[in-house]
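Working notes, beginning with the structure itself.
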Amino acid sequence: MTDPVKPTLLVVDGHSLAFRAFYALPVDSFSTRDGQHTNAIHGFLSMLLLLLQNERPTHLAVAFDKSRQSFRTREYAEYKGNRSETPPEFKGQVPLLQEALHAMGVRTLEKDDFEADDILATLATRGTAEGYRVLLVSGDRDTIQLVDDDVTLLYPNTQGVSQLKRYDTAAVIERYGIRPEQYPDVAALVGETSDNLPGIPKVGEKTAVKWLGLYGDLDGILAHADEIKGVVGQNLRDGRENAVRNRKLNRLVRDVDLDVELAEFEAKPIDLDAVRPIFERLEFRTLMDRLTKLALGDAGQAASGGAAPSAPVEREPAPAAPTPQPLRDDELAAWLETATAAEPAGLGLSIDVIAGEVAGVGIATATETVRLEWQSAADSPALAAWLASDAPKIMTDAKLQLEALARSGLAFDGLVVDTLLAGWLMRPNLQEKSLADLVDRYLGETLPQSDPALLVPEEGSDAGAPEYAWYSLRVAPEVLRVLPERTRQLLADVEMPLVPVLAAMELRGVAVDHDRLAALSAELGDRAAGLAVLAYAEIGREVNLGSPKQLQEVLFDQLGMPKTRATKTGYTTDASALADLQESNPHPFLGYLLEHRDATKLRQIVDSLDKAIAADGRIHTTYGQIGAATGRMSSNDPNLQNIPVRAEDGRRIREAFRNGEGYVELMTADYSQIEMRIMAHLSGDPGLIEAFNAGEDLHRFVGARVFSVDPADVTPLMRTKVKAMSYGLAYGLSAFGLSKQLRIDRAEATQLMKEYFARFGAVRDYLRGVVEQARIDGYTETIFGRRRPFPDLNSPNRVLRENAERQALNSPIQGSAADIIKLAMIGVERSIAEAGLRSRMLLQVHDELVFEVADGEADALETIVRDRMSSAADLLVPLDVQVGRGASWDDAAH
DNA sequence: TTAGAAACGTA
DNA sequence: CGTACGTTTCTAAA
């Protein structure tokens with residue numbers, strides 16, 4: 001095994017390992033508050049620490065590629081020529097990684113005109129000569145040739161970088177059936193796609209190894225090329241230049257002039273004080289802990305050698321959750337008294353939910369947790385009283401738990417912090433999706449969880465309600481600490497009060513008429529079947545009309561239509577492309593196909609809604625409060641925010657949404673043009689503000705300005721164009737996009753935009769300003785202070801950057817609209833309760849609310865809704881609210 | 001069996 | 001080459 005006398009030299013291929021780490025770890029989960037991606041750095045350092053711990057090298061170096069150019073690219077220009085652009089999220093991490101390594105006292109090496117692997121080869125050669133045991137770490141197979149009795153290669157497996165496969169001579173022989181020094185011959189014959197080095201066609205590892213066995217080495221094989229029969233033999237004779245070239249390129253250089261002595265790589269004790277600042281900047285809490293442990297271990301060894309350890313800061317190990325005490329309800333009041341005194345900001349609370357009902361309750365202070373077994377509300381008067389009181393409670397992902405409480409007949413109040421919502425406001429790109437994520441990020445600890453693969457969780461290993469309560473309690477102050485003041489306010493004023501409102505809406509659900517849906521489904525099914533028959537007749541065969549692949553065959557091969565926009569897997573067959581084709585190459589098949597698509601899509605929606613009707617005859621969607629990065633909510637299971645409304649057929653689905661028993665109709669209330677109004681407010685554009693205050697049709701008003709005509713003379717076409725332009729603005733629409741949407745030429749679109757901005761210049765200035773400010777701040781902000789970070793705004797990658805720019809200019813607008821309707825919902829719910837109405841709010845569709853109206857309450861409800869919605873924010877323009885009522889959702893639309 | 005792409009519905 | 005979502009179906013890889 002290892003020779004205790006020999007010193008150990010560990011050499012790492014920095015680029016290849018960092019790159020592996022980059023792809024192994026989700027980029028979204030590793031970034032700092034200011035948006036710097038750190039997944040590659042984190043993965044690399046994590047692996048390095050593991051190596052230092054397990055291998056205990058005496059000498060250490062990390063080699064990097066200096067650039068993409070090397071003597072190999074000069075020799076063969078196509079070398080690695082197929083490599084796509086390095087992701088910018090990766091690029092920026094390399095200098096930071098090097099900085100971190102230097103802080104850790106690790107030497108890094110790079111050399112003009114050579115690749116990192118050549119440095120590995122050189123150090124391995126010198127190390128062997130100078131009596132070292134050498135460990136190489138690289139993700140490049142070419143380094144296999146370096147393995148010998150003193151040189152071992154650690155190669156990352158496909159899963160990532162946490163597991164390294166150890167290749168010594170025996171392992172290479174076992175894996176490849178050849179000796180390490182023969183590997184380049186195999187690679188030369190087989191070729192290396194990732195390096196853009198084609199090999200001999202039809203020759204894989206098996207064949208190459210067989211030939212090596214027969215003829216010794218590549219030269220031998222080529223010398224006997226004439227004796228090899230069949231297609232492969234001919235391929236070999238045809239491609240011998242390739243093989244020779246490959247062999248030349250994959251030979252690593254063992255004598256790069258490095259101008260260093262191996263002794264300089266001696267591993268020094270880690271200076272934690274030097275490392276701490278950069279690790280803090282990278283927000284590597286767990287890694288810092290691991291490094292600290294490792295360094296203290298080193299110090300301990302040094303101490304045994306005589307020197308006293310320099311007094312490093314002793315880090316406490318991650319505390320374990322206190323063992324939950326079982327508590328009876330009659331003991332609860334007393335416990336709560338001392339607990340509340342100990343935690344005035346709130347107690348941690350978590351509800352075990354099984355099948356939607358309360359199964360257990362955990363409550364936590366910083367030092368104690370209790371578990372209350374729960375039978376029924378009647379058996380737990382003390383618990384019920386505390387839950388119903390306004391005593392402050394801290395939870396994680398409370399909505400589900402609140403619903404379970406309600407179903408079990410328990411009133412609830414006093415939710416002050418939901419850590420999941422707080423974490424989302426801090427990083428709205430859905431990076432922390434669970435308590436476990438929050439515990440990891442904000443405490444640097446791991447939430448105990450049993451293997452989810454186990455059907456029966458291990459006894460005691462799993463975190464239950466008391467543990468969840470305890471971790472929630474500890475996470476809360478850490479998240480709040482880093483939350484900017486306005487964002488904390490947003491949490492307290494908007495997101496937290498919204499939780500019980502959403503819980504109530506989800507519990508209520510909306511009544512849906514199964515019979516109508518069933519009839520509609522049957523009708524659509526028949527229609528689709530008929531259209532399919534017609535479509536098949538046109539092309540003389542049956543294909544799967546739902547298969548883009550088969551459609552491409554029909555359209556482009558069989559019917560010879562011109563190719564449409566390219567997708568990753570071929571050419572698009574989407575509705576707009578088919579419409580274009582219909583214009584240029586009219587064919588009845590296209591019409592049938594489009595209609596068939598419509599019918600099947602609609603039927604699919606109908607069927608999934610029908611399946612979602614619960615036993616109470618109602619559909620209960622789930623709102624995702626942390627659903628969208630802009631601040632909007634999402635709806636799922638089923639999604640009730642994308643029920644068709646534009647097409648006549650689609651609207652028939654809305655006819656199935658009706659008031660339930662005990663109610664007389666539905667009412668809808670929506671903000672008209674809220675995003676344009678927000679744009680008017682944020683930009684302060686006098687023209688746009690006047691447009692809204694004039695109370696005239698917005699698009700007519702704008703059209704009159706843009707086309708310099710009287711409002712009365714604005715034609716429908718002019719109105720359409722201006723409307724598309726106005727709506728497109730908030731999305732970062734380009735002249736190209738506008739021309740495409742309006743089916744007008746580029747020049748006309750450009751002209752339209754020019755005229756528009758000439759009249760509404762402040763809008764353009766505002767949109768530009770948003771992006772510029774975001775580039776500086778790294779985030780955008782809504783009217784209410786909701787932030788969204790944009791790390792890609794300064795990316796050198798144009799696609800990424802321009803995407804980020806459009807997102808950035810849209811976010812304050814979409815986000816402010818979301819803030820406003822959330823505030824309105826909270827106000828409406830409160831006012832309805834205060835007025836004692838039975839009518840209730842059921843659905844939210846971004847700028848629309850749907851209510852179920854009780855008999856005789858329509859007017860009172862409308863007054864409340866109009867008032868709360870229009871006064872939710874104080875803008876420079878009025879917030880106009882449209883209200884409608886009717887027997888169905890469709891009828892209630894206006 | 002699973003993950004990704006394509007397609008399409010809403011605001 | 002217009003933002004924000006969720007769902008379904010097909011497809012290729014595992």
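Each chain gets a letter, A, B and so on, in the order the sequences are listed, and its residues count up from 1.
Neither side chain, Ser816(A) nor Asp819(A), offers a donor N or O lying under 3.5 Å from an acceptor on the other. No hydrogens or angles considered: nothing links the side chains of Arg746(A) and Ser734(A) as a donor-acceptor pair under 3.5 Å.
To the nearest angstrom, C1' of dT9(C) lies 13 Å from CG of Leu545(A). Regarding Ile813(A), its CD1 atom lies at a distance of 10 Å from the C1' atom of dT3(C), rounded to whole Å. Straight-line distance from the NE2 atom of His846(A) to the C1' atom of dA11(B): 5 Å, rounded to whole Å. In this structure, Leu430(A) atom CG and dA4(C) atom C1' are separated by 13 Å, rounded to whole Å. In this structure, Met676(A) atom CE and dT3(C) atom P are separated by 18 Å, rounded to whole Å. Remark: P of dG9(B) and CG of Leu594(A) are 11 Å apart, rounded to the nearest angstrom. Spacing between atom CD of Glu595(A) and atom C1' of dC8(B) amounts to 17 Å, rounded to whole angstrom units. Rounded to an integer number of Å, the gap from CG of Leu609(A) to C1' of dG6(C) is 12 Å.
Out of dT7(C), dT3(C), dG2(C), the shortest distance to the side chain of Gln814(A) is found at dT3(C). The Asn803(A) side chain lies nearest to dT3(C) when the options are dT10(B), dA11(B), dT3(C). Nearest nucleotide to the Asn636(A) side chain, out of dA6(B), dG6(C), dA11(B): dG6(C). In this structure, the nucleotide among dT3(C), dC10(C), dA11(B) sitting nearest to the side chain of Asp847(A) is dA11(B). If you check dC5(C), dA4(C), dG9(B) against the side chain of Arg788(A), the one that comes closest is dA4(C).
Distances shorter than 4.0 Å separate some side-chain N or O of Thr573(A) from OP1 or OP2 on dA7(B). Contact check, Ser734(A) against dG2(C): a side-chain N or O comes under 4.0 Å of OP1 or OP2. Listed pair Thr569(A) / dA6(B) meets the phosphate criterion, a side-chain N or O lying under 4.0 Å from OP1 or OP2. Taking 4.0 angstrom as the limit, Ser608(A) places none of its side-chain polar atoms (N or O) nearer than this to OP1 or OP2 of dT7(C). The side chain of Arg806(A) places an N or O atom within less than 4.0 Å of a non-bridging phosphate oxygen (OP1 or OP2) of dT3(C). Between Asn544(A) and dC10(C) there is a side-chain polar atom (N or O) within less than 4.0 angstrom of OP1 or OP2. In this structure, Ser547(A) does not reach the dC10(C) phosphate: none of its side-chain N or O atoms is under 4.0 Å from OP1 or OP2. Between Arg597(A) and dC8(B) there is a side-chain N or O to OP1 or OP2 distance below 4.0 Å. A sub-4.0 Å separation between OP1 or OP2 of dT10(B) and a side-chain N or O of Arg646(A) is present.
Residue Ala818(A) is classed as having no contact, given no heavy-atom separation below 4.0 Å to the nucleic acid. Residue Ala629(A) is in sugar-phosphate contact alone, with no base atom involved, counting any heavy-atom pair closer than 4.0 Å across all strands shown. When heavy atoms are screened at a 4.0 angstrom cut-off, Asp670(A) is found touching no nucleic acid atom at all. Using a 4.0 Å heavy-atom cutoff across all strands shown, Gln807(A) reaches sugar-phosphate atoms only and no base atom. Looking at heavy-atom distances under 4.0 Å, Ser811(A) makes no contact with the nucleic acid at all. Among the protein residues, Gln741(A) comes within range of the nucleic acid bases, having at least one heavy atom under 4.0 Å from a base atom. Using a 4.0 Å heavy-atom criterion, one finds that Lys568(A) contacts the sugar-phosphate atoms exclusively.
Evaluation of atom-type donor-acceptor distances gives no pair under 3.5 Å for the side chain of Asn639(A) against the base of dG6(C).
One P atom belongs to dC1(C), the other to dA5(B), and the distance between them is 15 Å to the nearest Å.
Among Thr668(A), Val645(A), Ile821(A), the one residue that satisfies the side-chain contact (heavy atoms from CB on, under 4.5 Å) test with Glu848(A) is Thr668(A). Checking each of Gln625(A), Glu495(A), Gln844(A) against Lys822(A) for a side chain to side chain donor-acceptor pair (under 3.5 Å) leaves exactly one that passes, namely Glu495(A).
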Atom pairs under 3.5 Å: protein N/O with N/O of nucleotides 12-14 of chain C:
unit_1, atom_1, unit_2, atom_2, d
dA12(C), OP1, Lys549(A), NZ, 3.0

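Cation-pi geometry between Arg20(A) and Tyr155(A) is satisfied (NZ or CZ under 6.0 Å from the ring centre, within 45° of the ring normal).
The aromatic ring centroids of Tyr592(A) and His587(A) lie 6.0 Å or more from each other.
Salt bridge Arg788(A)/Glu781(A): absent, no basic N to carboxylate O contact under 4.0 Å.
In this structure a side-chain-to-backbone donor-acceptor pair under 3.5 Å is present from Arg677(A) to Ser672(A).
Contact of the Glu655(A) side chain with the Ile653(A) side chain is not registered, since no non-hydrogen atoms from C-beta on lie closer than 4.5 Å.
Taking the six-membered ring where the residue is Trp, Phe90(A) and Phe19(A) present perpendicular rings, their angle passing 60° and hence far from 30°.
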